[in-house]
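Below is one structure, written out as structure tokens; the observations come after it.
In this chain, numbering begins with 1 at the start of the sequence shown.
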Amino acid sequence: MNKVIITVVGKDTVGIIAKVCTYLAENRVNILDISQTIVQEYFNMMMIADMEHASGSFDEIAAGLDGIGDQIGVKIKCQREEIFTKMHRI
């Protein structure tokens, strides 16, 4: 598996999950786990996804997610699982 961690943070609006998930599905990225919360009017989502069969490279997928974030007014960050794990070690 080629796991990535995707985080989405910003003002809540209609269609955030739909746009992110549609983009991932179109690029053959499999969502393994997803968690989302809304605190007051702020949206926060974290996903674990598998890019093993993705139709593009990690950089291409991450850039596409960044572009979607710009379109809908949220910040989307995509990190490889091993980097995320090393950065968040206690």
Side-chain angles (χ1 to χ4, degrees):
M1 254 189 231
N2 190 5
K3 290 185 186 176
V4 294
I5 309 298
I6 301 166
T7 56
V8 182
V9 178
K11 273 252 193 192
D12 188 32
T13 186
V14 174
I16 296 172
I17 296 171
K19 289 191 180 177
V20 173
C21 291
T22 298
Y23 174 80
L24 294 174
E26 288 171 349
N27 287 280
R28 300 189 52 192
V29 177
N30 186 34
I31 298 167
L32 302 173
D33 200 358
I34 184 172
S35 172
Q36 67 93 28
T37 58
I38 299 169
V39 178
Q40 293 183 14
E41 70 268 14
Y42 294 97
F43 178 86
N44 183 40
M45 178 170 67
M46 180 175 175
M47 307 170 95
I48 300 172
D50 180 12
M51 289 189 55
E52 187 171 348
H53 301 291
S55 58
S57 70
F58 171 83
D59 291 333
E60 291 168 334
I61 299 295
L65 287 167
D66 194 45
I68 288 171
D70 289 343
Q71 289 174 8
I72 59 177
V74 298
K75 180 68 177 165
I76 302 177
K77 188 168 189 175
C78 184
Q79 295 178 293
R80 297 179 194 276
E81 181 189 40
E82 60 270 13
I83 305 253
F84 181 87
T85 302
K86 288 178 183 176
M87 287 177 54
H88 293 89
R89 241 191 254 167
I90 295 178

Query raised in the report: Any side-chain heavy-atom pair from H53 and N30 closer than 4.5 angstrom?
Result: no
Requested in this report: Any pair with a residue in residues 46-58 that passes salt bridge (Lys or Arg N to Asp or Glu O under 4.0 Å), sequence neighbours left out, goes on the list, sorted by first then second residue, please.
Outcome: none
Query raised in the report: CD1 of I5 to CD of Q79: how many Å apart, nearest 0.5 Å?
Result: 8.0 Å
**Report entry** Separation of N44 CG from T37 OG1 (nearest 0.5 Å)
**Finding:** 4.5 Å
Query raised in the report: With sequence neighbours excluded, what pairs up with E41 under the salt bridge (Lys or Arg N to Asp or Glu O under 4.0 Å) test?
Result: K11
Query raised in the report: With sequence neighbours left out, which residue pairs that include part of residues 53-63 fulfil the salt bridge (Lys or Arg N to Asp or Glu O under 4.0 Å) condition?
Result: none
Report task. Just grab all the salt bridge (Lys or Arg N to Asp or Glu O under 4.0 Å) pairs involving residues 28-38, residues at least two apart or on different chains. Result -> none
Report task. Any side-chain hydrogen bond (donor to acceptor under 3.5 Å, both in side chains) involving residues 63-74? Give me the pairs, sequence neighbours left out, ordered by first then second residue. Result -> none
Report summary line: Students should find that the hydrophobic cluster of V74, defined by side-chain heavy atoms under 4.5 Å apart, otherwise consists of V4, I6, V8, I16, I17, V20, Y23, L24, V29, I31, I34, I38, F43, M45, M47, M51, F58, I61, L65, I68, I72, I76
